[in-house]
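Letters go in sequence order (proteins before strands), and every chain restarts at 1. Hydrogens, waters and symmetry mates are skipped; everything else that's a heavy atom, side chains included, is used.
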Amino acid sequence: MNLITLLKQTTSTSLDSLYQVKIQPDQVLVNATKPEFEGDYTIVLFAFVKQLGKNPEQVGNDLGNAMQKALPSIITKFNIVKGFLNFTISNDYWLEFIKNLSPNELMPAIKHKRKIMVEYSSPNTNKPLHLGHLRNNFLGWSIAEILKLQGNEVVKTCIVNDRGIHICKSMIAWHLFASGATPESSHKKGDHFVGDYYVKYNDAYKAQVAELVAGGMMQETAEKEAPILKGAQEMLLKWEQGDAATLDLWKKMNAWVYEGFEVTYKKIGSDFFKTYYESNTYLLGKELVEEGLTKKVFYQKEDSSVWIDLTPDGLDEKIVRRKDGTSVYMTQDIGLAQLKQKEFNTDASIYVVGDEQNYHFKVLKLICQKLKQPAADGIYHLSYGMVELPTGKMKSREGTVVDADDLVDEMINISKEKTEALGKVSDFTKEQLTELYNTIGLGALKFFLLRVDPKKKMIFNPEESIDFHGFTGPFIQYTHARIKSILRKTGTAVSITPNELLPLEKQLAIELSTFPEVVNEAADNLDPSKLAIYTFNLAKLFNTFYAEHSISNAESEVKKQLRIQLGILTAATLQKAMSALGIAVPEQM
RNA sequence: GGUUCGGUAGCUCAGCUGGAUAGAGCGUCAUCCUUCUAAGAUGAGGGCCAUUGGUUCGAAUCCAAUCCGAAUCACCA
């Protein structure tokens with residue numbers, strides 16, 4: 001059992017036997033003691049002094065004595081400052097902890113394992129990936145790894161948005177302006193090539209609207225009448241009717257995009273167990289509309305469109321089938337949720353989607369619940385904030401985006417420059433160097449995007465390059481490499497014997513002991529930033545320790561053994577935590 | 001207008017299930033490589049925690065109102 005839980009329980013039982021008062025262990029607040037006071041853990045007494053009708057000094061003394069008696073091998077002493085009861089934990093307890101912790105078993109599996117689907121990435125096939133997609137991909141990958149670390153089975157999926165009017169826009173632009181050009185002929189990555197035509201469409205559209213307005217047309221009418229828009233709409237219609245030429249063009253252009261995506265995904269390390277294509281799923285959910293009507297969850301208006309009334313739940317009315325019988329986005333999503341449930345039978349399904357769709361997912365879950373879909377309660381939306389530029393939102397069609405490929409390449413280049421300037425890896429082969437640059441560059445980028453609370457929007461300034469010092473991926477990678485360097489010299493065979501613990505040694509042990517809780521917290525909140533912060537704190541603490549105490553040149557052999565073990569455990573914990581963020585840690589850098 | 005989310009150091013962010021003197025990183029200034037990797041460490045400076053009121057022994061944290069910003073409330077996806 002972990003120490004904090006033990007302290008809470010013992011507090012509860014001690015108070016019961018002292019005063020015959022029932023206080024649940026959950027109600028007991030146990031904190032790490034502030035450094036300026038003596039002790040390791042603090043129980044806040046105010047919470048129950050009132051209930052007991054005694055002064056804090058009295059309660060603190062009684063409780064302190066009772067707890068020390070109950071846990072003689074753990075609590076060595078206690079003191080009371082105002083309403084705070086500070087316990088000092090015995091060195092033996094921490095020594096045992098350090099001795100028994102295995103680098104291969106840092107994370108005990110949780111009791112209730114689940115099968116969880118994580119859907120992430122969801123690209124559109126009319127443009128290349130940008131910085132916002134990177135946030136999505138890193139979050140999705142990381143939350144999947146965190147859930148796996150807990151012992152869950154995870155299925156990663158992706159839904160590709162490969163049809164619709166926006167796809168037809170780049171198609172019509174290619175049709176009109178490309179005169180047969182291909183990614184090969186223009187030496188471009190396929191997704192970028194197609195994305196260029198999406199921008200070209202938009203430019204042409206704007207020009208046409210302006211022209212119509214200049215000719216005396218109302219702005220609003222012009223926006224509907226622009227010939228290129230008409231062309232795109234016509235293409236969509238043809239696509240839906242299965243027109244062979246249109247489908248050929250669609251397939252050709254999508255294939256270009258997939259080829260480009262594959263390169264990017266490989267580089268950033270995203271993968272999927274199954275990929276769904278909207279062109280296959282956009283008709284799903286039709287039977288569910290019928291079912292909903294029978295169950296009276298949905299109702300039909302005079303024009304025969306079908307709706308659900310969510311006003312009793314504090315939301316609005318929502319359409320689920322148009323009057324022409326076609327389904328809407330929501331209907332598809334309900335259908336897809338049902339399909340995924342049939343195929344994988346998961347306990348929970350996490351959708352990694354931007355916060356602009358908060359409302360959509362609230363409604364989706366609610367409708368699924370009302371339809372009594374088996375997976376309904378397990379729907380979670382990992383909602384993340386947009387990545388914005390100092391000038392505002394990124395817009396693909398305006399071309400004001402930070403391109404994913406460009407940014408990744410830039411990060412790798414910077415890591416190359418910095419590594420070369422430091423000159424610490426002269427013994428590396430060319431392949432090893434390439435791998436190292438990738439590891440560090442991507443590490444910096446991933447950490448940068450994962451270290452903040454997902455639900456907060458973030459501003460990225462392309463003028464300021466992403467840092468390699470301080471609260472960053474490379475800092476943690478560096479700490480890991482440094483420990484490994486020491487361990488290469490000292491060896492890793494250790495035997496821990498009784499020993500006095502210095503404050504920093506104890507602090508390291510305490511920090512290491514909280515790893516499982518942090519993983520669980522990150523998983524429960526779908527928030528990898530909790531782990532990122534933890535790795536930083538651990539690395540920072542180790543660096544302080546490193547500057548203060550020598551490992552290979554320790555005061556005594558006993559100390560050396562102890563510190564080697566602390567080094568092993570710290571390196572392993574950093575490696576585990578970082579890999580759950582999708583970041584590799586090098587042996588040397 | 002309704003709903004939701006946010007406002008903490010010059011900048012980027014932690015802390016938010018109420019607890020001791022509000023913490024990091026970057027940037028600024030100063031110190032530390034003949035001893036395990038200086039992508040490091042140590043220290044200084046920097047704060048009406050948006051505003052006002054309330055609850056409480058105790059509020060950055062909870063409640064209410066106000067101000068500012070964002071998203072959303074599509075027969076778009």
Can you figure out which of [options] approaches the side chain of [X] most closely?
| X | options | result |
| --- | --- | --- |
| A/Lys455 | B/rA41, B/rC5, B/rG40 | B/rC5 |
| A/Lys457 | B/rG40, B/rG69, B/rC5 | B/rG69 |
| A/Phe37 | B/rA20, B/rA38, B/rA77 | B/rA20 |
| A/Lys34 | B/rA20, B/rC73, B/rA77 | B/rA20 |
| A/Phe46 | B/rU12, B/rC73, B/rG19 | B/rG19 |
| A/Asn543 | B/rU37, B/rC13, B/rA41 | B/rA41 |
| A/Tyr546 | B/rA24, B/rA38, B/rC5 | B/rA38 |
| A/Phe471 | B/rC73, B/rG25, B/rC36 | B/rG25 |
| A/Ala547 | B/rA41, B/rC57, B/rA14 | B/rA41 |
| A/Arg322 | B/rU21, B/rA77, B/rA38 | B/rA77 |

Tell me the interatomic distance from [X], atom [atom1], to [N], atom [atom2], rounded to whole angstroms.
| X | N | atom1 | atom2 | value |
| --- | --- | --- | --- | --- |
| A/Phe447 | B/rU12 | CZ | C1' | 13 Å |
| A/Lys224 | B/rA74 | NZ | C1' | 13 Å |
| A/Leu29 | B/rU61 | CG | P | 17 Å |
| A/Lys540 | B/rA14 | NZ | P | 18 Å |
| A/Phe542 | B/rA38 | CZ | P | 12 Å |
| A/Glu388 | B/rC5 | CD | P | 18 Å |

Just distance, no hydrogens or angles: give the donor-acceptor pairs under 3.5 Å from side chains in residues 533-542 of chain A, sequence neighbours left out.
residue: A/Tyr534; atom: OH; partner: A/Glu511; partner atom: O; Å: 2.8
residue: A/Thr535; atom: OG1; partner: A/Ala532; partner atom: O; Å: 2.7
residue: A/Asn537; atom: ND2; partner: A/Ile533; partner atom: O; Å: 3.4

Based on the glycosidic angle (syn within 90° of 0, else anti), state the conformation of B/rC67.
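Classified anti.
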
Counting the atoms with a prime plus P, OP1 and OP2 as sugar-phosphate, which does [X] contact under 4.0 Å by heavy atoms, base, sugar-phosphate, or nothing?
| X | result |
| --- | --- |
| A/Asn86 | base |
| A/Ser383 | nothing |
| A/Gln588 | base |
| A/Lys530 | sugar-phosphate |
| A/Phe84 | base |
| A/Asp26 | nothing |

Does a nitrogen or oxygen in the side chain of [X] sit under 4.0 Å from OP1 or OP2 of [N]?
| X | N | value |
| --- | --- | --- |
| A/Ser552 | B/rC36 | no |
| A/Arg482 | B/rA38 | yes |
| A/Lys393 | B/rA70 | no |
| A/Lys456 | B/rA14 | yes |

Going by distance alone, is a donor N or O of one side chain under 3.5 Å from an acceptor N or O of the other, for [X] and [Y]?
| X | Y | result |
| --- | --- | --- |
| A/Ser552 | A/Thr490 | no |
| A/Tyr384 | A/Asn136 | yes |
| A/Asn31 | A/Thr42 | no |
| A/Thr479 | A/Asn543 | yes |

Between A/Asp316 and A/Asn553, which has a closest nucleotide on RNA chain B that is more 5'?
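Counting from the 5' end, the first nearest nucleotide belongs to A/Asn553.
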
Start at the 5' end of RNA chain B and walk down; is the nucleotide closest to A/Glu587 or to A/Leu85 reached first?
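Nearest nucleotide further toward 5': that of A/Leu85.
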
Would you call the rings of A/Phe448 and A/Phe460 parallel, tilted or perpendicular, taking 30° and 60° as the class edges?
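Judged by the thresholds at 30° and 60°, the geometry between A/Phe448 and A/Phe460 is perpendicular.
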
Keeping A/Asp303 on the side-chain end and A/Ser305 on the backbone end, is there a donor-acceptor pair under 3.5 Å?
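Pair found, side chain donor or acceptor close to backbone of A/Ser305.
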
